[in-house]
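Notes follow the structure.
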Amino acid sequence: MRFRISAGVLAIAVAMVWLTTNTAADQQAGGASTAKPAATAGAKPAASTGKPYKAPRTPDGQPDLGGFWSNATYTPLERAQNVNKEYYTPEEFKKVMQDARNRDEEQTTPGTTADVHYDFTQFGLDKSQHTIAHNLRTSQIIDPPDGRLPPQVPEAAKRAQAQAAERKQQGGQYDKVQNMPTGSRCIIMGGAGPPLRDAGYNSTYHVVQGQGNVMILTEMIHDARIIPLDNRPAPPAGLKQWVGMSRGHWEGDTLVVETTNFNGRNAIAAGGGRGGGGATSSEHVKITERFTRVSEDQIEYKFTVDDPHTWTKPWTAINYLQKTNGPIFEFACHETNYGIANILAGAREDDKKAAEQKKGSSN
């Protein structure tokens, strides 16, 4: 959660002996400004002098991406079926955002099953209270041009069926801890990337640059990704990780990061985020990210997902990282650690009662 001091951030910083070059003013939130190409109220002008923006430099001369950034957005990954244009007008986007905020802040009926939930508004976790990078696009996906994911290949459907059959053989969600979501098990949660996708809340990142490396610390469950920039080759195919293994290099003012070697268990889902419905990526997926600082308080973030084992063609999306306040406080997953044991204990108690009732009815 964002309310606890992050010893993890300090430990990483000390261990790597890296210092950010951001000034205190750089780390002040500038509010939600509007991403290119269109402007809305509150957006900063691109440049009063008319000159193209030039990012500040690190001591070794690279564009400075360091600081605290938010990728919270109301722009969906895929374009809605009833929308057939690339951009909203500022007025249309304002309504879309307000409707989404109203849904975020909607209260459930006391005493109902639906009311057993976090009150995100009370705890400052709903998206409307976060730093938002406004984006007038009707979808994050820019290729294919229709703003929607490409069709899935038959192999992806077969893979999904095999995974469902395996889960069924192991029992239901509460029969085995391995059947429960990875987020519930405190292994990994949305937002860690790659790609960096809006996690819904706790959508903040801390970027730290050092000579030859870039570190991206994710607020949600505090995953730290260290990206070497020394042109080392990709690791052997047999070495796989939950978030893959990244290699980066500079192309002009753009940091390009290529990630392979995924274990296939932290799949990118067509339904949004990870582990949702629809087609999900395979262990063969390759993700290419492009970070370009386009203003004092915004980084353009573009990523391409290439997985011929899942989709008929690669697809590309764009979002923006908006400067926000730091530091990031530790996200402690203790609640779910206790929750898993309690949930499974409750399920076993239900099994016991069901067995006793069955035995009693047969006597």
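The figures here come from the full heavy-atom set of this structure, side chains too, leaving out hydrogens, waters and symmetry mates.
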I216 side chain near H206 side chain, heavy-atom distance below 4.5 Å: no
With side-chain hydrogen bond (donor to acceptor under 3.5 Å, both in side chains) as the criterion, how do H130 and T204 come out once you've worked through the C-alpha distance, each side chain's angles and the decisive distance to 0.1 Å? CA-CA 9 Å; H130 207 74; T204 305; 3.2 Å; yes
In terms of heavy-atom contacts, does NZ of K240 have more than 12 from other residues, nucleotides or ligands at under 6.0 Å? yes
Within the 4.5 Å heavy-atom criterion, are T280 and T310 side-chain neighbours or not? no
Close side-chain approach of P145 to E86, heavy-atom, < 4.5 Å: no
Hydrogens and angles aside, do S203 and D198 bring a side-chain donor and acceptor to less than 3.5 Å of each other? yes
Do any N or O atoms from the side chain of T324 and from the backbone of F68 form a donor-acceptor pair under 3.5 angstrom? no
Do any N or O atoms from the side chain of Q140 and from the backbone of T75 form a donor-acceptor pair under 3.5 angstrom? yes
Compare all side-chain heavy atoms of R137 with those of R79 and state whether any distance is below 4.5 angstrom. no
Quiz question: by atom type and distance under 3.5 Å, do the side chains of S70 and T131 form a donor-acceptor pair? no
Cut-off 3.5 Å, side chains only: do S282 and D307 have a donor facing an acceptor? yes
Does E330 offer a backbone N or O that forms a donor-acceptor pair with the side chain of H222 under 3.5 Å? no
Does E78 reach the main-chain N or O of L149 with its side chain, forming a donor-acceptor pair under 3.5 Å? yes
Rounded to the nearest 0.5 Å, how far apart are CD of E349 and CG of N342? 13.0 Å
Indicate if M245 and I226 have the same hydrophobic cluster label, given that clusters are the connected sets of ILVMFWY residues with side-chain heavy-atom separations under 4.5 angstrom. no
T58 versus Q209, closest heavy-atom pair with distance: CG2-NE2, 3.6 Å
Could you give all pairs that pass the side-chain hydrogen bond (donor to acceptor under 3.5 Å, both in side chains) test and reach residues 244-257, with sequence neighbours left out? R57-D253, R225-S246, S246-T259, H249-E251, E251-R290, T254-T292
Shortest non-hydrogen pair, I287 vs P194, comes out as CD1-O, 3.2 Å
Side chain N266, main chain W242, donor-acceptor under 3.5 Å: yes
Under a 4.0 Å threshold between the charged nitrogen and the carboxylate oxygen, would R348 count as salt-bridged to D351? yes
Measure centre to centre between the rings of Y301 and Y320, then say whether the value is under 6.0 Å. no
Could you give the distance from NZ (K323) to CG (D297), rounded to the nearest 0.5 Å? 7.0 Å
Determine, using the 4.5 Å side-chain heavy-atom cutoff (strictly less than), whether V153 and I268 are members of one ILVMFWY cluster. no
Just by distance, do the side chain of R293 and the backbone of E296 share a donor-acceptor pair under 3.5 Å? yes
Where is the tightest heavy-atom contact between G193 and V243, given as atom of each residue plus distance? O-CG1, 3.2 Å
Could you report the tightest heavy-atom contact between G183 and C333, atom names first, then the distance? O-SG, 4.4 Å
Q178 side, atom CD; E166 side, atom CD - distance, nearest 0.5 Å: 10.5 Å
Donor on one side chain, acceptor on other, H309 and S281, under 3.5 Å: no
Any donor-acceptor N/O pair, S139 side chain to I141 backbone, under 3.5 Å: yes
Apply side-chain contact (heavy atoms from CB on, under 4.5 Å) to residues M180 and Y174 and explain how you reach the verdict. CA-CA 7 Å; M180 301 189 74; Y174 307 118; 4.2 Å; yes
Verdict with supporting geometry, M215 and L217, side-chain contact (heavy atoms from CB on, under 4.5 Å): CA-CA 6 Å; M215 185 274 289; L217 177 68; 3.6 Å; yes
Keeping R167 on the side-chain end and G172 on the backbone end, is there a donor-acceptor pair under 3.5 Å? no
What I'd like to find out is whether the side chain of N213 reaches to under 4.5 Å of the side chain of L229, using heavy atoms alone. no
Any side-chain to backbone donor/acceptor pair from Q298 onto Q322? Under 3.5 Å, distance only. no
Side-chain heavy atoms under 4.5 angstrom apart, residues restricted to Ile, Leu, Val, Met, Phe, Trp, Tyr: same cluster for V83 and L136? yes
Under the salt bridge (Lys or Arg N to Asp or Glu O under 4.0 Å) test, residues paired with K95 that sit two or more places apart: D99
Between S361 and Q357 (side chain of the first, backbone of the second, donor and acceptor by atom type, cut-off under 3.5 Å), is there such a pair? yes
Going from CD on E258 to OG1 on T288, what distance comes out if it is rounded to the nearest 0.5 angstrom? 4.5 Å
Mind checking whether I318 and V256 sit in one hydrophobic cluster, side chains of I, L, V, M, F, W, Y counted as touching below 4.5 Å? no
E92/K85 under salt bridge (charged side-chain N to carboxylate O under 4.0 Å, His left out): CA gap, chis, key distance, verdict: CA-CA 12 Å; E92 289 172 331; K85 58 183 180 179; 2.6 Å; yes
For G244 against F262, the heavy-atom pair lying closest together: N-CD2, 3.6 Å
Taking E289 first and then K302, would you say they form a salt bridge - that is, a charged N and a carboxylate O separated by under 4.0 Å? no
For side-chain hydrogen bond (donor to acceptor under 3.5 Å, both in side chains), just list the numbers for Y205 and N71, CA-CA rounded to whole Å, side-chain angles, deciding distance to a tenth of an Å, and then say yes or no. CA-CA 8 Å; Y205 300 86; N71 70 345; 3.3 Å; yes
What distance separates Y87 OH from T138 OG1, expressed to the nearest 0.5 Å? 9.0 Å
Take K313 and D143 through the side-chain contact (heavy atoms from CB on, under 4.5 Å) test and state the conclusion after the steps. CA-CA 10 Å; K313 59 179 290 188; D143 184 33; 4.0 Å; yes
Using side-chain contact (heavy atoms from CB on, under 4.5 Å), reason through W315 and I142 one step at a time and then give a plain yes or no. CA-CA 8 Å; W315 52 275; I142 59 173; over 6 Å; no
Pairwise side-chain contact, W69 with V207, heavy-atom cut-off 4.5 Å (strictly under): yes
Taking the side chain as every heavy atom from C-beta outward, state whether F291 and E300 have any atom pair closer than 4.5 Å. no
Please name the pair of heavy atoms, one in K286 and one in T260, separated by the smallest distance, quoted to 0.1 Å. CG-CG2, 3.8 Å
Within this structure, what is the CD-CZ distance for the pair Q152 and R159, rounded to the nearest 0.5 Å? 8.5 Å
Between L65 and L255, is there a side-chain heavy-atom distance shorter than 4.5 Å? yes
